[in-house]
Amino acid sequence: MEKVLVLLTFLGSVIALVFALVTAKKVLKFEEGTPLMQKISASIREGANAYLKRQYTIVAIFFACMFVVLCIMAATGLLTWFVPFAFVTGGFFSGLSGFIGMRIATKANCRTANACRTSLNRGLRVAFSAGSVMGFTVVGLGLLDISIWFTLLKFVFKLDPSAITSAMLTFGMGASSMALFARVGGGIYTKAADVGADLVGKVEAGIPEDDPRNPAVIADNVGDNVGDVAGMGADLYESYVGSIISASALGVAAFGGELKAMALPMIMAALGILASIIGTFFVRTGESTDQRTLLSALRRGTNLSALIIAVAAFFLVRGVLGTEYTGIYFAILAGLVAGVLIGASTEYFTSDTYKPTQGLADTALTGSATIMIGGLGLGMLSTILPIVIVAVCILVAYYVSGGAASTSMGLYGIALAAVGMLATLGITLATDAYGPVADNAGGIAEMAGLEPEVRERTDALDSLGNTTAATGKGFAIGSASLTALALLVSYVNIVQDNTEEILNFTLTSPTVLVGLFIGAMLTFVFSAFTMSAVQRAAQSIVVEVRRQFKEIPGIMEYQADPDYAQCVSLCTQGALHEMVAPALLAIVVPLVTGLILGPTGVVGLLGGVSVTGFAMAVFMSNAGGAWDNAKKYIEGGHHGGKGSEQHK
């Protein structure tokens, strides 16, 4: 029975990776367009590859150092020898998933632009297929890593369940470390390029977005790939494997070491892959650029996948755990429903088809100050629903799974709710990752001088991508909050099992209270570090673009080419230099807190940073998505349209 469950998990990963490969080949069969379109796409691809090569070099040094440290700890008996290798594989697969996604995205951008010359639906299919490669690569590699480690630890080295989960939690830590560097570095790059290109190009020089005369235009398009594709891929890989591993770890405690409880979240994820594949075939649209129509096209696929997993999970739980544990199914269902509701909430606050974003666009009539205030207020207000949804999900998952009788069973239910929320990540991430492809396609259409209707279609897909990106972040944030809670409990359990003295983990402990304050502070300091990094990197781009406009004669008359490479180089240097401080902050502060305040202080820190980080993440994500789509709303012809003062 145990071997069958692990085999099913492995088969799920293989199916995901094969589907990603077949889809990638399908995307590459589409025509790339004119020679100029191919040249622009190649420039974007070259810049993205150069950035990732340098980023991965820095990250490799970090992982090498951590590997040595973990080996020393293993040699002294503090850890098993599996831990250093698990840490490295977690980081490797996380980085690989982002790299593969970026490779297909940079090859699909010109193909999407060319497909939009034929029809909107054809463009959507190409971009969504490219996003699907990203989505199914992430879930495929995640399950592959989990199933291989589980097989080695259980059937080759014959470890007990608690030792298995300890080692597997470590490769989750490796994935988290890789995601931290990839998301921070890629995010700094993409925002610095975006700000630099827009401020000088659109606002000061008065040229359109993605105009070939803008020296930062290639860097801007590169940023979409290294930040929103490679960075997001590594990020969601970490969330995905983290939710599965934490549920497995809590399953050991809830069922007294029975492997069927460990395997259930893995099989759930494998079923989610099949459901996601089915859902992808239902994503198609007509020629209407209306956002409601386009959103319904994507919703059709994601909702169908969620419905399939909702039905299949009922029989899975009863078949693996037994009919007496049907309550576990309702915990999974709570996670699924919570994910759908968070997606709907995010869509409402960020799509320009609804009043919040339309109202935000209205504030542009009275100047920049009011649209800044309006966006901040909208982002803050948008935190209500996701937090309430997750809170209700936690309570429902805890009690329906038997939390009133057994705390460990209730916590297992909460962890499985996170797995349920991310079960259909394959298609959810596909709807997210397609956005940067559509954005790049619009840039290529503009730079290559394609027909106006092509840019209209790519803009419609790009605007949809802004909403789906925010929705994807909503899923990641919601599931991360549930996973963080599960991992926090796992940490407490491990500390209690390995500590002779009785520790006070309640709010009456002063070290827990101090840790809570440190955790709350860490969210704001980390955010400040990343925002300051973007500010400094963007300033360097602004200065460079202004210099080129001033010193290179003939740029505005199309008589001379800008130095695109210099802006790409500046963004790369800025992002790689600036990502180190915030990344180290997130790694060092918990360690220092643990050395000074002990395990109880770390528990407080993790609790504080999880709660404030959840609210801050929703606020930032939704405010950004709403601002971006308010701009698209104005560009669509409202309040003066492109080039108006409101647009600026």
Side-chain angles (χ1 to χ4, degrees), residues 66 69-70 72-84 86-87 90 153 159-177 242-257 261-262 394 398 403 406-415 418 480-520 522 586-611 613:
M66 284 298 299
V69 170
L70 293 173
I72 293 172
M73 295 176 72
T76 58
L78 293 173
L79 301 171
T80 68
W81 278 103
F82 300 108
V83 167
F87 180 81
L153 297 172
L159 298 184
D160 62 85
S162 60
I164 293 173
T165 54
S166 293
M168 292 176 70
L169 284 168
T170 309
F171 89 69
M173 187 173 73
S176 296
S177 299
S243 66
I244 296 171
I245 296 167
S246 62
S248 295
L250 289 171
V252 172
F255 284 81
M262 290 182 63
I394 289 172
Y398 183 84
S406 169
T407 301
S408 59
M409 193 65 73
L411 293 170
Y412 181 54
I414 293 172
S481 65
L482 295 175
T483 302
L485 176 61
L487 289 172
L488 180 59
V489 174
S490 298
Y491 175 76
V492 172
N493 290 339
I494 292 171
V495 170
Q496 288 178 331
D497 291 341
N498 293 276
T499 305
E500 294 182 1
E501 59 180 308
I502 299 175
L503 300 175
N504 182 11
F505 287 104
T506 67
L507 285 176
T508 58
S509 169
T511 51
V512 172
L513 290 171
V514 171
L516 284 169
F517 278 106
I518 295 173
L522 187 59
I587 295 168
V588 172
V589 172
L591 293 174
V592 174
T593 302
L595 291 172
I596 297 174
L597 299 178
T600 54
V602 174
V603 167
L605 179 146
L606 295 176
V609 79
S610 297
V611 172

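Throughout, residue positions are numbered sequentially from 1 according to the sequence presented.
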Checklist line | Atom pair CG/OH of L169 and Y491 - distance to nearest 0.5 Å | finding: 13.0 Å

Next item on the list: Compare all side-chain heavy atoms of F87 with those of S177 and state whether any distance is below 4.5 angstrom.
Entry: yes

Item checked: Nearest-0.5 Å distance that lies between atom OG in S481 and atom CD1 in I394 -> 6.0 Å

Donor-acceptor list for residues 587-599 side chains, cut-off 3.5 Å, not counting sequence neighbours:
{"from": "T593", "atom 1": "OG1", "to": "V589", "atom 2": "O", "distance (Å)": "2.8"}

Notebook entry, point to check: Can you list every side-chain hydrogen bond (donor to acceptor under 3.5 Å, both in side chains) pair that touches residues 594-606, not counting sequence neighbours?
Noted result: T511-T600

Next item on the list: To the nearest 0.5 angstrom, please state how far the OG1 atom of T165 sits from the CG atom of D160.
Entry: 8.0 Å

Item checked: Where A167 and F82 come nearest, the two heavy atoms and their spacing -> CB-CB, 4.2 Å

Next item on the list: Would you check if the side chain of S610 reaches a backbone N or O of L606 as a donor-acceptor pair within less than 3.5 Å?
Entry: yes

Check: Any donor and acceptor pair, going by atom type alone, linking the side chain of S246 with main-chain N or O of S243 inside 3.5 Å?
Finding: yes

Note to self: Run the side chain to side chain contact (heavy atoms under 4.5 Å, CB included) test on N504 and V512 for me, step by step, so that the C-alpha distance in whole Å, both residues' side-chain angles and the decisive distance to 0.1 Å come before the verdict.
What the structure shows: CA-CA 8 Å; N504 182 11; V512 172; over 6 Å; no

Notebook entry, point to check: Under a 4.5 Å cut-off applied to non-hydrogen side-chain atoms, are L516 and V611 in contact?
Noted result: no

Check: Are side-chain heavy atoms of M262 and V252 found at a separation under 4.5 Å?
Finding: yes

Item checked: Nearest atoms (heavy-atom pairs only) where A247 meets A415 -> CA-CB, 3.5 Å

Note to self: To the nearest 0.5 Å, what is the distance between CG on L250 and CZ on F255?
What the structure shows: 11.5 Å

Next item on the list: Taking the side chain as every heavy atom from C-beta outward, state whether I245 and F171 have any pair of such atoms under 4.5 Å apart.
Entry: yes

Notebook entry, point to check: Taking side chain as C-beta onward, heavy atoms only, is L482 less than 4.5 Å from I414?
Noted result: yes

